[in-house]
Undergrad: 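Before I ask anything, here is the structure I am working with.
What's counted below: heavy atoms across the whole structure, side chains too, no hydrogens, waters or symmetry copies. Numbering of ligands and ligand atoms starts at 1, following listing order.
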Amino acid sequence: MNTLTENIFETAVRDPKALRAALEEADIVPAALVLVHLTGDVAILDEMRPYIQGGWNYMEQVPEALKKRVRDRLVLALENRAANPDLPVLADHKTLHHIMSASVGKDLPEEYVPLFIEELGLAGENPRSLTWRGDTTSMGLAEFRVVIVGAGLSGICAGVRLKQAGIPFVILERNETVGGTWYENDYPDCGVDTPSHFYSYSFNSNPDWSRYFAKRDEIQKYIEDTTDKFCLREHIRFGVSVQTARLDEESGLWLLHCLDGEERTLTLACNALITAVGHNVPATPKLPGLQDFRGEVLHTARWNADVSLKDKKVAMIGTGASGMQAGPALAPIVRKLTVFQRTPHWAMGNPNYHRTVPEGQKWALRHIPYFNQWARFLIFWAASDSFHDTLFIDPDWEQPDLSLNAKNHQMRENILAYMREQLDGDEVLMRKCTPSYPPYGKRLLRDNHWFRMLKQPNVELETDPIECVTSNGVVTRSGDFHEVDAIVMATGFHASKLLWPMEIVGRGGRTIREIWGDDDPRAYKGMSVPGFPNFFVLAGPNTILSHGGSAIFHSECQVTYILQAIREMVERNLRILEVRRDVHDRYNQLVDDRHRTMVWAHPGVTSWYKNANNRVTMTSPWRLVDFWAMTREFDPNDFICGVAAPDAVAA
Ligand code: NAP
């Protein structure tokens, strides 16, 4: 039985004019799904099925007469619910499966039904919060301490869940506020390329996103608002950066050595340590002569808004996700923009990328029960698992250099047609911009008017490699000199050097760097490392989603799992909870085996997703439903459990 109350349905129908007006603007597919959810009458969906081609709203072509029928019937259904608040609202498994399948135009595997019941909160709010299995007063919970390093999206997620579970914790954050990567990245036109109604916490959806793909300031505000809504600030120590975390093997405690903003030393101890530091140490290429450049050098990840680039001659190095956004924002204001491209990236148009959300859609998301959930379902599916099967290499494919399989090849053709149209058929630019590896080999970018930018008279695309930098310009290998006043590094992060520059010292005094090296991190389910008990990594090895999906969903899965691990420690008074070596190795073998058949291991791809030995270390090979299933239930049999010494209490 759902916990929705009478008031929610009443709110939807209280102002019939507003409801009608909103429905005129709101997406019709989620509206129909709400209707079927409330009435159980699936016939209308079967009528709509031929006009639905996936989860994106711009792909539906439902005729007006049918839309009107959906709207009329939905108004009646909501009125009926407002008058009969005691009717059950959770549709049965079979109906939910039917709704889901019809709305995405394919027979959805049954395993998705429980995932979406949980993700959408269809069976009640907060399904991912921790449940204790006994009386916590007798468990020493009050003395247990967790430290989270980082108050970005994943650290805040962990904080919310720890707080709900009543587990004492502190978050250490080096910046003066929350947000992490989103706080630090504020280059021109910085924004998200995952749909915002999916790139948000399942426990704190935001019906007010102004755009389908929000820009940085709105995302930062969302993180700040979430922090306040869940009263987390009192748990966060700002301006504190962790230098070293060292395991005390005797007590099982982690001893942290930190510096505050005034370089004063702070020490802390905790029973469990969670790192939530993302991949945000900016990488600047070591270009010969860079130190002699007399102009400004900016990095997208450390933007300095005080530096004006207006009417300047600017070099931008790098054409990944950050360059894709910054370049088109800079081109209209600078005198000349020279883009230095080492490797082209695949970039695809998405009409919603540039759109604001209509007011009627926002009203429906806020006021119509279940509209928000079904809209999230559609976009979750469209932006993630719906195309995961296209990422595998077909061993019999005839054009293995260009693409992976027939569907991937079709994608390639679609993008090329899109690029040709955007570039007005400019074959010179087409050649320069066409990657030599299959789509999805690197993160597929959303076109931020990049190709249109390249057609502007003040923009030049340089594909000759950079030889050196001089005091006033950039020289390429063939000897061409580009005079510039400023250089913008859109050159990404030291992403594969996970947890760097922190020093994490585990069992036997071995550091995580000794074990992982600079680029070979491994962990069980991306979170646990043998030799590092009571230690959990968020956004760790092989957990990055690079084909689609939402990093927030992955964080929520990991946090669910970690909280259950902590519950195990608290309830059993464990001093040590350490992943078994054989379990860890078997899991990583599975990851490696799977990656060998997937796009990121394609020999034509160079990226920070794989290391110098061609092993894919960063991306997750799993469907979202797989990762959800493997993180849903913590299994203590996968871990070595050691009982706590009587005085093992964190200071
Ligand atoms: P990135 O994807 O690593 O791209 C870095 C770019 O710099 C690449 O084009 C790379 O070329 C180039 N580069 C690096 N070193 C170079 C050198 N020595 N000489 C010439 N070119 C060089 O970094 P990013 O664009 O900052 O994005 C990083 C990640 O952040 C993304 O994958 C994404 O996960 C996230 N991100 C997301 C968004 C969003 O949601 N909208 C926005 C920004 C970032 P090669 O390709 O040849 O290596």
Side-chain angles (χ1 to χ4, degrees), residues 152-153 180-182 184-196 198-199 211-216 218-220 278-290 298-303 315-329 338-348 350 353-354 383 432-433 435-437 440-448 450 461-469 474-477 487-497 539 543-552 554 600 604-610 618-620:
L153 277 165
T181 302
W182 285 112
E184 290 173 8
N185 280 249
D186 65 346
Y187 57 83
D189 217 29
C190 178
V192 69
D193 56 13
T194 303
S196 290
F198 176 27
Y199 191 80
R211 307 169 57 94
Y212 287 101
F213 292 83
K215 295 296 177 191
R216 179 266 181 196
E218 198 172 2
I219 301 165
Q220 177 62 23
H279 313 96
N280 202 23
V281 181
T284 298
K286 292 186 174 58
L287 299 171
L290 185 59
L298 295 159
H299 196 290
T300 46
R302 294 287 181 273
W303 199 254
M316 187 177 84
I317 303 176
T319 55
S322 302
M324 163 63 68
Q325 295 180 335
T338 309
V339 177
F340 290 84
Q341 172 187 278
R342 188 164 64 179
T343 325
H345 287 238
W346 289 106
M348 184 59 176
N350 180 315
Y353 190 63
H354 307 287
K432 286 183 169 183
C433 292
S436 58
Y437 56 87
Y440 291 106
K442 296 180 194 236
R443 187 185 170 97
L444 187 83
L445 305 181
R446 302 216 185 262
D447 177 26
N448 190 30
W450 178 261
L461 180 63
E462 177 59 87
T463 53
D464 196 23
I466 296 171
E467 182 70 20
C468 66
V469 176
V474 179
V475 181
T476 66
R477 194 171 292 167
I487 299 176
V488 171
M489 297 287 179
T491 44
F493 304 94
H494 289 284
S496 49
K497 209 169 168 180
T543 61
I544 289 186
L545 287 162
S546 5
H547 70 291
S550 157
I552 296 180
H554 253 208
W600 301 293
V605 176
T606 51
S607 76
W608 54 269
Y609 296 157
K610 53 186 181 181
M618 303 307 289
T619 34
S620 166

Undergrad: Side chain, backbone, both or neither: which applies to K442 and ligand 1 if a contact is any heavy-atom pair less than 4.0 Å apart?
TA: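 Under 4.0 Å from ligand 1, K442 contributes side-chain atoms alone.
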Undergrad: Do the rings of W600 and Y609 sit parallel, tilted or perpendicular, given the 30° and 60° boundaries?
TA: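 Answer is perpendicular, since the angle exceeds 60°.
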Undergrad: Quick one: closest heavy-atom pair of A283 and T491, and the distance?
TA: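 Residues A283 and T491, closest heavy atoms: O-OG1, 2.7 Å.
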Undergrad: Is any side-chain heavy atom of F213 closer than 4.5 Å to one of N448?
TA: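 Side chain of N448 against side chain of F213, heavy atoms only: no contact under 4.5 Å found.
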Undergrad: Are M489 and L290 side-chain neighbours, meaning at least one heavy-atom pair lies under 4.5 Å?
TA: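 In contact.
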Undergrad: Determine whether the side chain, the backbone, both or neither of A490 has a heavy atom under 4.0 Å from any heavy atom of ligand 1.
TA: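 Only the backbone of A490 comes within reach of ligand 1.
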Undergrad: Have a look at ligand 1 and work out which part of F340, if any, has a heavy atom under 4.0 Å from it: side chain, backbone, both or neither.
TA: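 Answer for F340: neither.
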Undergrad: With a 4.0 Å cut-off, strictly under, does atom 35 (C) of ligand 1 pick up any protein heavy atom?
TA: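 Answer no: nothing from the protein, no heavy atom, is under 4.0 Å.
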Undergrad: Just jot down the ligand 1 atoms closer than 4.0 angstrom to any heavy atom of T319, in number order.
TA: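 Here the atoms of ligand 1 in question are 6 (C), 8 (C), 9 (O).
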Undergrad: Going by the atom numbers of ligand 1, which of them fall below 4.0 Å from some non-hydrogen atom of G318?
TA: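 Taking each heavy atom of G318 in turn, ligand 1 has 6 (C), 7 (O), 9 (O), 12 (C) under 4.0 Å.
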Undergrad: Specify the protein heavy atom at minimum distance from atom 47 (O) of ligand 1: its residue, its atom name, and the distance to 0.1 Å.
TA: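 In this structure, atom 47 (O) of ligand 1 has T343 OG1, 2.3 Å as its nearest protein heavy atom.
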Undergrad: Looking at side-chain heavy atoms only, is the closest gap between V488 and Y187 below 4.5 Å?
TA: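 No; the side chains remain at least 4.5 Å from each other.
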Undergrad: I want to check something: taking the side chain as every heavy atom from C-beta on, are T619 and S607 in contact at a cut-off of under 4.5 Å?
TA: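 Sidechains of S607 and T619: no contact.
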Undergrad: Any atoms of ligand 1 less than 4.0 Å from a non-hydrogen atom of V192? List them with their elements.
TA: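 That gives atoms 40 (O), 41 (N) of ligand 1.
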Undergrad: Of H554, R443, H279, which meets side-chain contact (heavy atoms from CB on, under 4.5 Å) against I544?
TA: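 The side-chain contact (heavy atoms from CB on, under 4.5 Å) with I544 is passed solely by H279 among H554, R443, H279.
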Undergrad: Say whether, by atom type as modelled, one donor and one acceptor occur between the side chain of R216 and the main chain of N185 under 3.5 angstrom.
TA: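 Indeed, once roles are kept as given, a pair shorter than 3.5 Å links the two residues.
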Undergrad: Looking at atom 30 (O) of ligand 1, what's its closest protein heavy atom, distance included?
TA: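 Here the nearest protein heavy atom works out to F493 CE1, 4.0 Å.
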Undergrad: With heavy atoms under 4.0 Å as the rule, classify the contact between Y187 and ligand 1 as side chain, backbone, both or neither.
TA: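 For Y187, only side-chain atoms sit under 4.0 Å from ligand 1.
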Undergrad: Identify the protein heavy atom lying closest to atom 26 (O) of ligand 1, giving its residue, its atom name and the separation to 0.1 Å.
TA: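 Here the nearest protein heavy atom works out to S322 OG, 2.6 Å.
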Undergrad: What are the two closest non-hydrogen atoms of I317 and I466, and how far apart are they?
TA: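 That would be CD1-CD1, 3.6 Å.
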Undergrad: Just verifying a value: how many Å separate L445 CG and M348 CE, rounded to the nearest 0.5 Å?
TA: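 It comes to 12.5 Å.
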Undergrad: Which residue and non-hydrogen atom of the protein lie closest to atom 37 (C) of ligand 1, and at what distance in Å?
TA: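 Here the closest protein heavy atom is A321 CB, 3.9 Å.
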Undergrad: Quick one: look up the protein heavy atom nearest atom 2 (O) of ligand 1 and list residue, atom name and how far away it is.
TA: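 Sorting protein heavy atoms by distance from atom 2 (O) of ligand 1 puts W608 NE1, 3.7 Å first.
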Undergrad: Indicate the atoms forming the closest heavy-atom contact of A315 with V474, along with that distance.
TA: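 Scanning both residues, the minimum pair turns out to be CB-CG2, 4.3 Å.
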Undergrad: What is the minimum heavy-atom distance between Y199 and I552, and which atoms define it?
TA: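 Residues Y199 and I552, closest heavy atoms: C-CD1, 3.6 Å.
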Undergrad: Does ligand 1 come near enough to G191 that some N or O of the ligand is less than 3.5 Å from an N or O of the residue?
TA: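 Checking ligand 1 against G191, an N or O pair does fall under 3.5 Å apart.
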Undergrad: Closest non-hydrogen protein atom to atom 4 (O) of ligand 1, residue and atom name please, with distance?
TA: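 Ranking protein heavy atoms by distance from atom 4 (O) of ligand 1, first comes G320 CA, 3.7 Å.
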Undergrad: For R342, is at least one N or O under 3.5 Å away from an N or O on ligand 1?
TA: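 Yes, R342 has an N/O under 3.5 Å of an N/O on ligand 1.
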Undergrad: If we only count N/O pairs under 3.5 Å, is T300 in contact with ligand 1?
TA: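 No: no nitrogen or oxygen of T300 is under 3.5 Å from one in ligand 1.
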Undergrad: Measure H345 to ligand 1 on non-hydrogen atoms and call it side chain, backbone, both or neither using the 4.0 Å cut-off.
TA: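 Side chain only.
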Undergrad: How does Q325 reach ligand 1, if at all, at less than 4.0 Å between non-hydrogen atoms: by side chain, backbone, both, or neither?
TA: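 It is the side chain that touches ligand 1; the backbone stays farther off.
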Undergrad: Pairs of nitrogen or oxygen atoms closer than 3.5 Å, one from P285 and one from ligand 1: do any exist?
TA: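 No.
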Undergrad: Got a donor-acceptor contact below 3.5 angstrom from the R211 side chain to the Y353 backbone?
TA: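 Present.
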Undergrad: Looking at D193, which atoms of ligand 1 are within less than 4.0 Å of one of its heavy atoms?
TA: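 Near D193, meaning under 4.0 Å from one of its heavy atoms, ligand 1 has 39 (C), 40 (O), 41 (N).
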Undergrad: Keeping the roles fixed (side chain from K442, backbone from W346), state whether a donor-acceptor pair exists under 3.5 Å.
TA: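 It does not hold such a pair.
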Undergrad: So, does I466 sit close enough to ligand 1 that a heavy atom of it is under 4.0 Å from the ligand?
TA: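 Under 4.0 Å: no for I466.
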Undergrad: How close does the nearest protein non-hydrogen atom get to atom 23 (O) of ligand 1, and which residue and atom is it?
TA: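 Atom 23 (O) of ligand 1 sits closest to the protein heavy atom G492 CA, 3.1 Å.
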Undergrad: Has ligand 1 got any nitrogen or oxygen that is less than 3.5 angstrom from a nitrogen or oxygen of T194?
TA: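 There is no such contact.
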Undergrad: Supply the atom-to-atom distance M324 CE to D189 CG, rounded to the nearest 0.5 angstrom.
TA: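 That separation rounds to 11.5 Å.
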Undergrad: Quick one: which ligand 1 atoms are inside 4.0 Å of a heavy atom on I317?
TA: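 In order of number, 20 (C), 21 (N).
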